[in-house]
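Below you'll find the structure, written out as structure tokens, and then a few comments.
The figures here come from the full heavy-atom set of this structure, side chains too, leaving out hydrogens, waters and symmetry mates. Letters A, B, ... are given to chains in the order of the sequence lines, protein chains preceding strands, and every chain is numbered from 1. The model shown is predicted, which means the values in this text are computed figures rather than measured ones.
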Number of protein chains: 2
Amino acid sequence: MADRVHVTLRDVATAAGVSLATASRVLNGTAKVREDLRDRVEAAASELAYTPNAHAQALARASNETVGVICHDVSDPYFSGIARGVMRAAAQRDLLVMLASTFRDSAREVAYVSMLRAQRARAILLIGSGFEDRRWERAMDVELRPYLNAGGRVAVVSRHRSLRVDTVLPENRAGAAALARALLALGHRRFAVLSGPPGLSTVVDRVGGFRDALAAAGVPVGQVVEGPFSREGGYAGASALLDRGLDATCLFAATDVMAVGALAALRERGLRVPDDVSLAGFDDVPVVRDLTPPLTTVALPLEEMGERVIALALRDGGRGRRRIERIAGRVVLRASTTGPP
Amino acid sequence: MADRVHVTLRDVATAAGVSLATASRVLNGTAKVREDLRDRVEAAASELAYTPNAHAQALARASNETVGVICHDVSDPYFSGIARGVMRAAAQRDLLVMLASTFRDSAREVAYVSMLRAQRARAILLIGSGFEDRRWERAMDVELRPYLNAGGRVAVVSRHRSLRVDTVLPENRAGAAALARALLALGHRRFAVLSGPPGLSTVVDRVGGFRDALAAAGVPVGQVVEGPFSREGGYAGASALLDRGLDATCLFAATDVMAVGALAALRERGLRVPDDVSLAGFDDVPVVRDLTPPLTTVALPLEEMGERVIALALRDGGRGRRRIERIAGRVVLRASTTGPP
DNA sequence: GCGCTATCTGAAAGCGCTTTCCTGCGGTAC
DNA sequence: GTACCGCAGGAAAGCGCTTTCAGATAGCGC
């Protein structure tokens, strides 16, 4: 076996005693080929362990079988849940997924889009919030526009503003409002909110929806602290609240991951959940039902969202107006919430 | 702007009034080019929003800047922790990561290796246990051997047997033994074990190490149940144990994820951890410190393992003997374990 | 047996790039 | 002024494949 060198279609054709064209036709099934030739080609291919060079194919066919996915952090359960759905759907379509983590660095996100563009990925999917950065927005536009013009597909999930592309969007506002109403129904009247990075549409909608529902009931939203969408963010936010004196019977965290951090902070300070204070999150990432107490939250079908976003990107008609698919959230009351003390 | 068509290097060269070769040289910095020409090329490239076709480059250069990663499930925190490390390291090297999930289907794993081979990925990284399947092993060998012969790099992490390639390997045996000794020191003498799928090296080593350490202290390992490496597996295993009457003061689950399921089952049956029974896991995935009680476990540096495996694959000298990098685990005693009741 | 058509096969062009080879230029030494 | 050298830039080959186009072969009706 030749070392350091790949078997090419030419090798297969030679071994089978046919032309390159015939070998290609056999292996792709693109045209009828006499049976004995076909057999010889197939035998030679498997004998030589031939694998077509995907780059050569992509070049010749001017298309390829990959999609790119960009998220902030694969090990955040919100993203990995969605990514799982994307991968499942991609597998069904025989697409290869290139997954990149930005680690919340906007420059890196732009760089990845550029790389995926270079790869001529069939579609580029962006998972999770964008950046509040004018420069980023321009840079992104510079990358995305030519890609779209060249027939590339772009879709985003759980990201709303700034990029005018097809979108899968959780109904954050309605979900948060429904959660607020459920919490009001439990009797709470004094709330505190652990909000995410200001300006992100997810934050604006969740906190806004929560606030609106309270307002509709004549209840003012109380203390609000902002912090990153992470366990540490939730921990720090809850700690800050506690430091300045928590004046609420119920705490709403904008994401489950933040709620996990908040729970830890609460517990460290000796507050019992839900006896002293109720706690609710948003997303229903898998871990929250294993917390003690299990977390009340707004459940989002993460995997389905992933499947939807890739389907949306690949579906025809992309050059028309922007399509938005809305995903409803479902309030799940668990033991982390109860009536006020 | 031309629609449906990509800007090529030829377009840039024409716009700049230079030859293809010169444009290539400027954009790659591979040779000295007169300053005014260089400026013109750069201006034209950015004017046209040119992005090189990675496939054409890969073809012409006979190499490319991607690595493939195959794991069982991105949304399992063990894998996503490792994947995070891989991505961080890949980003530093300007490599694009193609990540595939097998969903524990061995045929799909083989298919992915084939696709990554077709992509001429610089390296293929396999995360997590292999399959106990003779057919799979042969199929894998058929794919991997030509890839290696052609200069491809393959490395695995947390997988030991059957594939004789470079490996990053947690010291499962030693870690489990150390954990067992710590548990013995707490006073436990009756243990039950939640084991994983039989035959997997990870299982063999963890359960074996645990058992050996007990044996060294003259303590027999008690009940053992097997199940898949998942929350459901842990839940079912613990339930089975409870059904047949749990005869142990301490339960050891082969992975943290299983321990999470076990904890839920235990609690559902009214058993308190650690008062009625102590519980320990393995891996130290992020969530376990947020459980109540926080889980005693053997901590593995997941992200570092990811960084190590990609470094190992890309490091030269791969054609020599198989290299194995061992990763030590560290026993972390948390509140889920205490002395026997 | 001849001419025509319907199939199948092979030659060759071309996808977009890199890289080798070669030409032409300016500069230096004599 | 001539011969030589070094260097920058262009022409062209080639990476491995797909696909068009044309040629060859077989099959059919007369």
Below the 4.0 Å mark, does [N] have OP1 or OP2 next to a side-chain nitrogen or oxygen of [X]?
{"X": "A:T22", "N": "C:dT9", "value": "no"}
{"X": "B:R10", "N": "C:dG16", "value": "no"}
{"X": "B:Q57", "N": "C:dG16", "value": "no"}
{"X": "B:S24", "N": "C:dT18", "value": "yes"}
{"X": "A:R61", "N": "D:dT18", "value": "yes"}
{"X": "B:N53", "N": "C:dC15", "value": "no"}

Please give, in whole Å, the distance from [N] [atom2] to [X] [atom1]?
{"X": "A:R25", "N": "C:dA11", "atom1": "CZ", "atom2": "C1'", "answer": "10 Å"}
{"X": "B:R34", "N": "D:dG6", "atom1": "CZ", "atom2": "P", "answer": "21 Å"}
{"X": "B:L59", "N": "D:dT18", "atom1": "CG", "atom2": "C1'", "answer": "12 Å"}
{"X": "B:K32", "N": "C:dC25", "atom1": "NZ", "atom2": "P", "answer": "21 Å"}
{"X": "A:H55", "N": "C:dG14", "atom1": "NE2", "atom2": "P", "answer": "24 Å"}
{"X": "A:Q119", "N": "C:dC15", "atom1": "CD", "atom2": "P", "answer": "20 Å"}
{"X": "B:L9", "N": "C:dC17", "atom1": "CG", "atom2": "C1'", "answer": "7 Å"}
{"X": "B:N64", "N": "C:dT18", "atom1": "CG", "atom2": "P", "answer": "13 Å"}

Open item on the list: Just to be sure I understand the rule, does B:A21 reach a base, reach only the sugar-phosphate, or reach nothing, if contact means heavy atoms closer than 4.0 Å?
Closed with: base
Open item on the list: Does A:T8 reach a base, just sugar-phosphate, or nothing at all? Heavy atoms under 4.0 Å.
Closed with: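 Sugar-phosphate, backbone atoms only, no base.
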Task: Donor-acceptor contact present, side-chain A:Y147 to main-chain A:A121, <3.5 Å - done: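 Checked: pair present.
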- [ ] Over 60° means perpendicular and under 30° means parallel, so classify the ring planes of A:H55 and B:H55, tilted if in between.
- [x]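 Taking A:H55 first and then B:H55, their aromatic rings sit tilted (interplane angle of 30° to 60°).
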Open item on the list: Nearest heavy atom decides the nucleotide; on that basis, is B:A60 or A:T30 closer to the 5' end of DNA chain D?
Closed with: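 On the 5' side of the pair lies B:A60.
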Open item on the list: Before we go on, tell me: are the rings of A:H72 and A:F131 under 6.0 Å apart, centre to centre?
Closed with: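 Between A:F131 and A:H72, which both carry aromatic rings, the centre distance is below 6.0 Å.
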Open item on the list: Here's a test for you: under side-chain contact (heavy atoms from CB on, under 4.5 Å), which of B:L9, B:V41, B:D11 qualifies with B:Y50?
Closed with: B:L9
TODO: Could you work out which one of D:dC17, D:dC15, C:dT9 sits closest to the side chain of A:L20?
DONE: D:dC17
Open item on the list: Both conditions, 6.0 Å and 45 degrees, for the charged tip of A:R108 above the ring of A:F103: are they met here?
Closed with: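 Judged by the rule (NZ or CZ under 6.0 Å from the ring centre, within 45° of its axis), A:R108 is not positioned above A:F103.
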